[in-house]
Protein chains: 2
Amino acid sequence: MNESDDTPHLTIEQIGRRAGVSRSTVSRVLNGQRDVRADVRARVEAVIQETGYHPNPAARALVSKRSGLIGLVMLSEVDELFGDPYYSALVNGIQQGCAENDLIFAIFPASSPDGHSDALTPQIAQRFVDGVIVTAVPQSAHVIAALRARRKHMVVVGHPDDDAPVTRVDVENREGSAVAVTHLIRHGRQRVGFVGPTVEYRFGVDRFDGYRDALAAAELPEDGLVHLDQPTTEGGYRATIALLAAHPDAVYAATDTMAEGVYRALTEHGRRIPDDVAVVGFDGLPRGPRLDPVLTTIVQPVVEVGRTAVGLLASGDGVRDPVVLPTVLRVGRSCGANHPPAGENEAHEL
Amino acid sequence: MNESDDTPHLTIEQIGRRAGVSRSTVSRVLNGQRDVRADVRARVEAVIQETGYHPNPAARALVSKRSGLIGLVMLSEVDELFGDPYYSALVNGIQQGCAENDLIFAIFPASSPDGHSDALTPQIAQRFVDGVIVTAVPQSAHVIAALRARRKHMVVVGHPDDDAPVTRVDVENREGSAVAVTHLIRHGRQRVGFVGPTVEYRFGVDRFDGYRDALAAAELPEDGLVHLDQPTTEGGYRATIALLAAHPDAVYAATDTMAEGVYRALTEHGRRIPDDVAVVGFDGLPRGPRLDPVLTTIVQPVVEVGRTAVGLLASGDGVRDPVVLPTVLRVGRSCGANHPPAGENEAHEL
DNA sequence: TTGAAAGCGCTAACAT
DNA sequence: ATGTTAGCGCTTTCAA
């Protein structure tokens, strides 16, 4: 129960009575309709104020078919994600978006604990929720499919593998990558290695495409310079070891986490950063790895992604065009560009 | 809106029609009442099954006065907490509890962004929520007060400063501390230092009391051995530096995070762990610091705390007796007890 | 054991 | 500009 039972809650009817108007007028005031005379409105508002009245959300939800609740679908144990700097920032953005839109932010496990046939937890399935946010990772494909099958309102963060229509929010993975690699090339690097995740990660593919774009534009080779592994520090380490045979003078790591592995591998093999090998990463997350020398990286606006996703959920129903947010190059020490071209070293607030 | 408008949802009435019974009977089946003939029940359940019907939660909430929604009040930016191993585990437990009780888990910022006079965010104030969980930290005092004033159903995790009646879940801070310190004493340590948080942290006070209990029981002195600072690695470091003057042969750190600082201070000052100075901590969190040598620590069941808090919220309304969960000593290498007394080195599953 | 009917508190036609 | 009325989909007496 919400509160102790000895606090009978006021209803819109009673507010009306106290203000000497009908319940409809109170409703109009409540919902900001303007066809209410100013003095009447004031009177009603005064009563609302002094009584501390709040309309019953369940009644509202019943008639309006909106609960004011949106959810994030968690694909793994909640506390795994809590450690992840990406989710940490994303959740922060979602929370901000909810506050801005006066929505309640709920967390849903992806599947019911009892291993239901349906991939969805009863809470989502039972449609109390106005809409959900799902991140596009390999494991989420079936959840997205299930949500679509049930015609749930959803926004996908990132880029799902299948190209079925969904409203989604993404960042300029490809463009950002191209900027990163171009930056290296412009500062004299000729053999830029790519260390990125294996192909099931769509963002990795997009970032790889940006890498190719930049190499192609500079007419540089990529022979033996591309090495894929898990998007972890360990993966970055292994990929870099493999890459060394190709004698890179720079490494573009598709994630900062992988860049951490790149650092370790380079250091262990006696390569100085950036003197022998320059490094640029991607992500720039607030809680991401702190490397020495400071990593030059492409900053993606994850918090903004979260807020945008909520905004999309709050603003309507159908499938909308993807929203793709810009990334920014943040120049540190690892790229060897101590005097970066003007305008390149300013990271926006994210 | 919940779903695309072209999916008109089934109502209990329609289910009744299809099953050839009244809506009341369907409701009885739905709510597991037993005065329904077995074959009728089966028929209704079959229809529910094949139609994939779910009762409308808003309608249910309206009449039952329960939303099935519980919330965690977040006292700082969401993403600060995400980094915190304590919250990480707590949220994990809350999530588990919600899944078990078929509740939706929402996250609420403590105060409305627009700096309302009221300390509560509108969502909570507007009572959509069946109950909330608040952690007892210094900043939460006014939130707890505000919730109490509004007669919200709440469970406090930890121990608030004021002794106003609340339902709360806590762990055996005092008893656990006593076990930790007794363990050190039993293994020959005579000068056990206390490194803990300053007195505004109630759990710190409780843990200090346990320390005193153990010293008193062994008739050992505490002169110059108690040093308080912020409950951070840095605080643990500073407190230890101060402590060194008292020539401790062991340090009991009231949190593992502080223990991390203890390690650093001891190491920097040439003390070997555990040979010169033994160390025992408190928390044992899944994502807590990993120290070398492995820290002996008092493990508190934070996940269980979260689940219990939800259980309390789900099970009733009034103020209940505090639930205090047991802690367990987990013996590592830092206490110098390589052959721990039987039964002491088994940490339960948490 | 089952059905009919009232009503939870609100919004939104529809009147006036 | 304001009031009246009819539901939203459910649970729950109350009758049968």
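Labels below follow one simple rule: chain letters A, B, ... track the order of the sequence lines, proteins then strands, and each chain is numbered from 1.
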When you check the phosphate oxygens OP1 and OP2 of [N], does a side-chain N or O of [X] lie under 4.0 Å from one of them?
| X | N | value |
| --- | --- | --- |
| B:N31 | D:dT11 | yes |
| B:Y53 | D:dG9 | no |
| B:R60 | D:dG9 | no |

| Can you tell me if CD on B:Q49 sees more than 12 non-hydrogen neighbours from other groups inside 6.0 Å? |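 No - once you tally the heavy atoms of other residues, nucleotides and ligands closer than 6.0 Å, there are 12 at most.
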
| message | Tell me whether B:R202 at atom CZ has more than 12 heavy atoms from other residues, nucleotides or ligands lying less than 6.0 Å away. | response | yes

| query | Picking from B:V305, B:V310, B:L312, what satisfies side chain to side chain contact (heavy atoms under 4.5 Å, CB included) with B:T308? | reply |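 Among the candidates, only B:L312 passes.
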
Rounded to the Å, how far apart are [X] [atom1] and [N] [atom2]?
| X | N | atom1 | atom2 | answer |
| --- | --- | --- | --- | --- |
| A:L62 | C:dG7 | CG | C1' | 12 Å |
| A:Q33 | D:dT2 | CD | C1' | 12 Å |
| A:I12 | C:dG7 | CD1 | P | 19 Å |
| B:I15 | D:dC10 | CD1 | P | 9 Å |
| A:L10 | C:dC8 | CG | P | 14 Å |
| B:H54 | D:dC10 | NE2 | P | 12 Å |
| A:E13 | C:dC10 | CD | C1' | 11 Å |
| A:K65 | C:dC10 | NZ | P | 16 Å |

| message | Quick test of your reading of the model: are A:R148 and A:D162 salt-bridged, counting only N-O distances below 4.0 Å? | response |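 The answer is yes: the pair qualifies as a salt bridge.
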
| request: Consider only side-chain N and O atoms of B:T135 and B:Y86, and report whether a donor and an acceptor are under 3.5 Å apart. | output: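 Looking only at side-chain atoms, B:Y86 and B:T135 do not form any donor-acceptor pair under 3.5 Å.
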
| Sequence-distant partners of B:S140, side-chain hydrogen bond (donor to acceptor under 3.5 Å, both in side chains), two or more places apart | none

Quick test: give all pairs of protein nitrogen or oxygen and nucleotides 1-4 of chain C nitrogen or oxygen below 3.5 Å, distance rounded to 0.1 Å.
{"unit_1": "C:dT2", "atom_1": "OP2", "unit_2": "B:R37", "atom_2": "N", "d": "2.7"}
{"unit_1": "C:dG3", "atom_1": "OP2", "unit_2": "B:S22", "atom_2": "N", "d": "2.8"}
{"unit_1": "C:dG3", "atom_1": "OP2", "unit_2": "B:S22", "atom_2": "OG", "d": "3.1"}
{"unit_1": "C:dG3", "atom_1": "OP2", "unit_2": "B:T25", "atom_2": "OG1", "d": "2.6"}
{"unit_1": "C:dG3", "atom_1": "N7", "unit_2": "B:R28", "atom_2": "NH1", "d": "3.4"}
{"unit_1": "C:dG3", "atom_1": "O6", "unit_2": "B:R28", "atom_2": "NH2", "d": "2.5"}
{"unit_1": "C:dA4", "atom_1": "N7", "unit_2": "B:S24", "atom_2": "OG", "d": "3.3"}
{"unit_1": "C:dA4", "atom_1": "N6", "unit_2": "B:S24", "atom_2": "OG", "d": "2.8"}

Which residues pass the salt bridge (Lys or Arg N to Asp or Glu O under 4.0 Å) test with [X], sequence neighbours left out?
| X | value |
| --- | --- |
| B:D321 | none |
| B:R41 | none |
| A:R17 | none |

| query | So what does B:T11 touch, heavy atoms closer than 4.0 Å: a base, only the sugar-phosphate, or nothing? | reply | sugar-phosphate

| request: Would you mind reading off the bend of the helix from C:dT1-D:dA16 to C:dT16-D:dA1 from its two end axes, five pairs each, to 10 degrees? | output: 40°

